[in-house]
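A short worksheet on the structure shown next.
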Amino acid sequence: MEHYKDRVLSTSTNTPATSIGAEVERILSQLTNDIDVTKVDIDTLAKNDANIQKSFQDVKKTADRSYMIGITGIGVGVAGIVIAAVAFSRKST
């Protein structure tokens with residue numbers, strides 16, 4: 001209560017401004033919670049993205065290694081065929 005020149009003025013705590021303030025506070029609190037949840041989700045997505053990139057790098061390394069082994073095998077096979085062809089051509093003459 002406020003005193004103003006011998007008159008007592010009553011202040012109500014149930015004014016529209018108070019209920020609007022409470023509503024704004026509730027909305028801001030919800031927005032803050034939503035932002036925090038979104039930050040956590042973004043962090044999770046970033047970690048998942050890093051894991052996916054690592055997996056792709058591992059697959060690429062495995063594919064490169066397999067390609068090199070395959071090419072080496074083909075090279076050895078061709079060399080074996082050439083050596084055999086030369087060896088058989090010498091026996092014939």
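Because the structure is a prediction, the values reported are computed rather than measured. Computation of the quantities below employed the complete heavy-atom set of this structure, encompassing side-chain atoms and omitting hydrogens, waters and symmetry-equivalent molecules.
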Task: Criterion side chain to side chain contact (heavy atoms under 4.5 Å, CB included) on T44 and N48, from CA distance to verdict - done: CA-CA 6 Å; T44 302; N48 288 343; 3.9 Å; yes
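- Hydrophobic clustering, with ILVMFWY side chains joined whenever heavy atoms are under 4.5 angstrom apart, keeps V37 apart from L45.
- Rounding to the nearest 0.5 Å gives a distance of 11.0 Å between CG of D36 and CG of D41.
- Side-chain N or O atoms of S29 include none that pairs as donor or acceptor with a backbone N or O of R26 at under 3.5 Å.
- Within 6.0 Å of atom CD in E23, more than 12 heavy atoms from other residues, nucleotides or ligands are found, so the atom counts as buried in its surroundings.
- Within the model, atoms CD1 of I27 and CD1 of I20 stand 10.5 Å from one another, a figure rounded to the nearest 0.5 Å.
- Separating the CG atom in N33 from the CG atom in L28 is a distance of 11.0 Å, to the nearest 0.5 Å.
- Between the CD atom in Q53 and the CG atom in D58 there is a gap of 12.0 Å [rounded to 0.5 Å].
- Looking at D43 and K39, no side-chain N of the basic residue comes within less than 4.0 Å of a carboxylate O on the acidic one, giving no salt bridge.
- Between atom CD of residue Q30 and atom CG of residue D34 there is a gap of 4.5 Å, rounded to the nearest 0.5 Å.
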